[in-house]
Amino acid sequence: MTPFRLYDSMRRAKCAFEPLVPGKVGMYVCGPTTYAPAHIGHAYSAIAFDTVRRSLTFLGWDVTYVRNVTDIDDKIIKRAHETNQDPLAMSAHFAAEYNRDMARFNVMTPSIEPKVTTHIREVIAIVERLIANGHAYAVDGDVYYEVRKFPPYGKLSGQTIDELEDGARVEVDTRKKDPIDFALWKRAKPGEPSWDSPWGKGRPGWHIECSAMTVTHLGATFDIHAGGKDLIFPHHENEIAQSQGADGEGTFARYWLHNGFLNFAGEKMSKSLGNVFNCDQIAEAVGGEALRFFCVSHHYRSPVDFDVQVIDGAPRFFSLEAADRSLSGFYTTLQRIDQFVGDNTAGEGAVLPEAEKLVPDAKQALAEDFNAPEVVAAMHAAGKLANKLLDEGKGIDKQVRRRTLARLGKDLRAVGGAIGVLTQDPATYLRERRERLVKAKQIDVAAVEHKLGERKAARAEKNFTRADEIRRELAAMGVELLDTPAGTDWRIADAD
RNA sequence: GGUGCCAUCGCCAAGUGGUAAGGCAACGGUCUGCAAAACCGUCAUUCCCCAGUUCAAAUCUGGGUGGCACCUCCA
């Protein structure tokens with residue numbers, strides 16, 4: 001396997017990864033709280049770490065990827081009551097939808113996807129340990145973590161307990177020893193889902209599930225913990241306090257990965273600004289893979305500005321349309337390669353040396369803090385070489401040319417797979433893309449085909465005046481004609 | 001108030017000490033009945049500003065300016 005470096009949020013530096021177990025990576029990612037349909041922000045984060053996972057696999061590591069589902073918490077209960085649903089049934093429904101949505105962006109199913117409600121026993125066990133060793137205290141059926149008993153608190157977010165106290169909003173909960181203490185276990189209110197515990201009926205607090213799930217599925221100490229930047233405080237800080245409070249210094253995550261956020265015209269996404277877009281909308285507008293390609297064209301740690309404008313009540317995802325255009329270029333090249341190579345890959349043997357660079361270049365880029373944009377650049381170089389070979393075979397041995405193109409097709413797919421793109425059949429992707437655009441631009445396909453027939457006849461008679469007239473007519477409709485030796489194809493000109 | 005992040009070509013975007021990847025757009029060319037696609041070529045002596053460290057800085061340090069995030073639920 002290829003060694004790699006990663007930026008660790010705790011050390012605040014890029015460093016070489018050293019596995020706990022040779023050849024293996026144990027990785028935990030904070031998953032969704034399932035109380036509403038997944039939106040583009042969820043997708044962005046899921047894609048970022050799915051790319052890390054795929055990269056590691058591509059580099060030859062054996063990855064155990066754990067992503068939890070928080071299926072019981074305040075927000076779920078609130079939403080369920082508002083909509084008159086059973087909280088657990090509702091969260092199960094959204095959890096299933098989440099996975100269906102993420103699949104559209106080529107996000108792989110986690111190796112393990114633990115749910116809080118199936119880990120209540122593990123949660124209780126860790127809370128009991130924290131009480132036993134003096135890090136937590138129970139009050140009237142609630143259990144709180146005593147932050148002052150954990151001096152390293154604040155290390156990840158770069159703050160001290162005192163600084164945090166100064167900035168904290170006043171919480172009117174006199175039962176807590178300190179305002180900064182947080183709930184590990186919450187006593188059930190009437191009508192809430194609850195489980196039996198040594199402190200009475202109740203449910204886990206917000207942060208404890210991650211501590212319970214990591215120790216259960218990856219052990220007290222594991223390699224990588226990942227999540228959105230917003231989770232650094234308080235979520236991850238609290239996880240560290242809980243887990244190290246229970247299992248001792250030096251346990252828990254060995255490396256921390258945090259991804260940057262998606263911004264909209266410099267603004268954070270929020271419901272009040274009307275810029276929350278659900279995965280459905282994205283997939284319908286540009287297809288799931290366009291978002292994937294957009295994501296991997298940026299480094300996962302960078303904040304990314306997302307260009308979307310609501311025009312006549314309908315969102316136009318300009319950034320994603322550009323990504324889709326770029327993606328269609330790769331698929332077009334792949335399709336050309338497939339058509340050229342067919343079943344005859346010319347077997348084993350030498351290929352042009354330029355064609356051998358893609359995989360090593362991609363590995364080098366991914367091994368340096370998962371630099372996916374650099375991989376995309378390498379893919380562009382390979383695509384260019386392929387197109388050149390397809391256009392012109394002069395001076396190259398026929399078998400070498402064929403083998404080289406077969407190799408480029410294979411490697412483009414392999415490298416694309418390492419970042420979660422180019423996973424579809426080119427013909428399928430291109431057909432669906434055209435259908436999408438036809439629908440969006442309300443193109444009358446029958447009329448286009450009719451004009452095409454008319455133009456074919458005109459060209460056969462060498463009536464180029466008429467042929468060009470038809471080209472212009474179709475162009476006015478937004479249809480671009482592509483004359484090839486095999487006939488005339490058409491596509492939607494989607495650049496505005 | 002505290003903490004952290006960001007500023008690279010018209011646009012998007014890599015690059016954490018060794019002399020500015022890549023994409024889009026633009027312009028010239030090859031090809032084409034015309035066009036598109038594809039390919040070839042051109043396109044940042046310079047990285048928000050000012051000082052400093054260094055043989056060497058977009059990269060490090062100090063000071064500005066501008067933007068963002070977290071400290072409350074948030075991907």
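A note on names: the letters A, B, ... follow the listed sequences, proteins ahead of strands, and every chain is numbered from 1.
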Chemist: If you compare every side-chain N and O of A:Trp206 against the phosphate oxygens of B:rC74 (OP1, OP2), does one of them come in below 4.0 Å?
Modeler: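 For A:Trp206, the contact criterion (side-chain N or O under 4.0 Å from OP1 or OP2 of B:rC74) is met.
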Chemist: For B:rC39 and B:rA25, measure between their P atoms and round to the nearest Å.
Modeler: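 It works out to 12 Å between them.
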Chemist: Have a look at A:Gly228 and say if it touches a base, only the backbone sugar-phosphate, or nothing, with a 4.0 Å heavy-atom cut-off.
Modeler: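 Contact class for A:Gly228: sugar-phosphate only.
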Chemist: Answer with yes or no whether A:Arg12 presents, from its side chain, a donor or acceptor under 3.5 Å of a partner atom in the base of B:rG4.
Modeler: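 For A:Arg12, whose side chain was compared with the base of B:rG4, there is no donor-acceptor pair (under 3.5 Å).
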Chemist: When you compare the ring of A:Tyr44 with the six-membered ring of B:rA75's base, are the centres less than 5.5 Å apart and the planes under 30° from each other?
Modeler: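 Not stacked: fails the 5.5 Å / 30° test.
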Chemist: With heavy atoms under 4.0 Å as the rule, sort A:Leu481 into base, sugar-phosphate or nothing.
Modeler: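 Base contact - A:Leu481 has a heavy atom under 4.0 Å of at least one base atom.
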Chemist: For A:Lys388 and B:rC40, is the shortest distance between a side-chain N/O and OP1 or OP2 below 4.0 Å?
Modeler: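 Checking B:rC40 against A:Lys388, a side-chain N or O does come within under 4.0 Å of OP1 or OP2.
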Chemist: According to a strict under-4.0 Å criterion, is A:Lys14 in side-chain N/O contact with OP1 or OP2 of B:rU16?
Modeler: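 Checking B:rU16 against A:Lys14, a side-chain N or O does come within under 4.0 Å of OP1 or OP2.
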Chemist: Could you measure between the two C1' atoms, the one in B:rC27 and the one in B:rC43, and give it in whole Å?
Modeler: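 It works out to 8 Å between them.
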Chemist: Using the P atom as the reference point in each nucleotide, state the distance between B:rC6 and B:rU16 in Å, no decimals.
Modeler: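 Approximately 12 Å lies between the P atom of B:rC6 and that of B:rU16.
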Chemist: Considering every strand shown, what is the Watson-Crick or G-U wobble mate of B:rG18 when both distances are under 3.5 Å?
Modeler: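 Because both required distances fall under 3.5 Å, B:rG18 counts as paired with B:rC55.
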Chemist: Between B:rG29 and B:rG66, how far apart are the C1' atoms? Round to whole Å, please.
Modeler: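 Rounded to whole Å, the distance is 43 Å.
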Chemist: Please determine, for B:rU3, whether a Watson-Crick or G-U wobble partner exists with both distances under 3.5 Å, and give it or none.
Modeler: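 With both distances under 3.5 Å, B:rU3 matches B:rA69.
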Chemist: Assess whether one donor atom and one acceptor atom, taken from the side chain of A:Arg471 and the base of B:rC34, lie less than 3.5 Å apart.
Modeler: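 Donor-acceptor pair under 3.5 Å: yes.
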Chemist: Hey, does A:Phe233 reach any base, or is it just sugar-phosphate, or nothing, if we go heavy atoms under 4.0 Å?
Modeler: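 Sugar-phosphate, backbone atoms only, no base.
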Chemist: Taking the six-membered ring of A:Phe58 as reference, does the NZ or CZ atom of A:Lys363 fall below 6.0 Å from its centre and within a 45° cone about the axis?
Modeler: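 Flagged: A:Lys363 positioned over aromatic ring of A:Phe58.
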Chemist: Taking atom C1' in both B:rC40 and B:rC31, what distance in whole Å separates the two?
Modeler: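 The answer is 11 Å between these two C1' atoms.
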Chemist: Remember a base hit wins even if backbone is also touched, and classify A:Asp74 as base, sugar-phosphate or nothing at under 4.0 Å, heavy atoms.
Modeler: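 Touches nothing.
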Chemist: Answer with yes or no whether A:Asp307 presents, from its side chain, a donor or acceptor under 3.5 Å of a partner atom in the base of B:rC12.
Modeler: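 When only heavy-atom distances are counted, A:Asp307 does not reach the base of B:rC12 through any donor-acceptor pair under 3.5 Å.
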Chemist: Does OP1 or OP2 of B:rG15 have a side-chain N or O of A:Asn371 closer than 4.0 Å?
Modeler: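 For B:rG15, OP1 or OP2 has a side-chain N or O of A:Asn371 closer than 4.0 Å.
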Chemist: Phosphate oxygens OP1/OP2 of B:rG23: is one of them under 4.0 Å from a side-chain N or O of A:Lys384?
Modeler: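 For B:rG23, OP1 or OP2 has a side-chain N or O of A:Lys384 closer than 4.0 Å.
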Chemist: Dump the intermediate steps for side chain to side chain contact (heavy atoms under 4.5 Å, CB included) on A:Asp483 and A:Arg471, then the final yes or no.
Modeler: CA-CA 11 Å; A:Asp483 288 332; A:Arg471 175 190 287 287; 3.2 Å; yes
Chemist: Where the side chain of A:Asp391 is defined as all heavy atoms beyond and including C-beta, which of B:rC74, B:rA38, B:rA36 is the nearest nucleotide?
Modeler: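 My answer, after comparing the listed nucleotides, is B:rA38.
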Chemist: Counting heavy atoms not belonging to A:Lys357, are there more than 12 under 6.0 Å from its NZ?
Modeler: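 12 or below, so no.
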Chemist: For B:rU30 and B:rA36, measure between their C1' atoms and round to the nearest Å.
Modeler: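 Roughly 15 Å separates the two C1' atoms.
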Chemist: Answer with base, sugar-phosphate or nothing: what part of the nucleic acid does A:Arg455 contact at a heavy-atom distance below 4.0 Å?
Modeler: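 Base contact.
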Chemist: Let me confirm one number: the OH-NE2 distance from A:Tyr255 to A:His225, rounded to the nearest 0.5 Å.
Modeler: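 It comes to 16.0 Å.
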Chemist: Which one, B:rA14, B:rU3, B:rA75, comes nearest to the side chain of A:Glu163?
Modeler: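 Comparing B:rA14, B:rU3, B:rA75 against the side chain of A:Glu163, the answer is B:rU3.
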Chemist: Which value, in whole Å, describes the distance between the P atoms of nucleotides B:rC48 and B:rU59?
Modeler: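 B:rC48 and B:rU59 have their P atoms separated by 8 Å.
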Chemist: Quick one: on RNA chain B, does A:Gly158 or A:Arg459 contact a more 5' nucleotide (nearest heavy atom)?
Modeler: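 Counting from the 5' end, the first nearest nucleotide belongs to A:Gly158.
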Chemist: Where each residue is assigned the nucleotide of RNA chain B containing its nearest heavy atom, which of A:Ile232 and A:His235 is assigned the position nearer the 5′ end?
Modeler: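 On the 5' side of the pair lies A:Ile232.
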Chemist: With heavy atoms under 4.0 Å as the rule, sort A:Asn387 into base, sugar-phosphate or nothing.
Modeler: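 The residue A:Asn387 makes sugar-phosphate contact but no base contact.
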Chemist: Check whether NZ of the Lys or CZ of the Arg A:Arg67 lies under 6.0 Å from the centre of the six-membered ring of A:Tyr28 and within 45 degrees of that ring's axis.
Modeler: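 No, cation not above the ring by the 6.0 Å, 45° rule.
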Chemist: So, does A:Ser302 get its side chain near the phosphate of B:rA14, meaning an N or O under 4.0 Å from OP1 or OP2?
Modeler: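 Answer is yes, contact under 4.0 Å.
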Chemist: Please confirm whether the ring centroid of A:Phe182 lies under 6.0 Å from the ring centroid of A:His207.
Modeler: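 So the answer is yes for these two rings.
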Chemist: Under 4.0 Å between a side-chain N/O of A:His299 and OP1 or OP2 of B:rA13, yes or no?
Modeler: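 Negative; the distance criterion is not met.
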Chemist: Does the side chain to side chain contact (heavy atoms under 4.5 Å, CB included) test come out yes or no for A:Arg301 and A:His258, once each step is laid out?
Modeler: CA-CA 7 Å; A:Arg301 272 191 289 116; A:His258 289 100; over 6 Å; no
Chemist: Any chance the rings of A:Phe370 and A:Tyr7 have centres within less than 6.0 Å?
Modeler: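 For A:Phe370 and A:Tyr7, the ring centres are not under 6.0 Å apart.
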Chemist: Distance check, C1' atoms only: B:rG22 and B:rA13, in whole angstrom units.
Modeler: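 Result for the C1' pair: 8 Å, nearest Å.
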Chemist: So does A:Arg301 reach the base of B:rG15 with its side chain, donor to acceptor, closer than 3.5 Å?
Modeler: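 No pair found.
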Chemist: So, is A:His380 near the phosphate of B:rG22, with a side-chain N or O under 4.0 Å from OP1 or OP2?
Modeler: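 Indeed not, no polar side-chain atom of A:His380 lies that close.
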Chemist: Classify A:Glu480 by what it touches in the nucleic acid, base, sugar-phosphate, or nothing, heavy-atom distance under 4.0 Å.
Modeler: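 Sugar-phosphate contact only.
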Chemist: Using a heavy-atom cut-off of under 4.0 Å over every strand shown, decide if A:Leu390 touches base, sugar-phosphate, or nothing.
Modeler: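 A:Leu390: no heavy atom of the nucleic acid under 4.0 Å.
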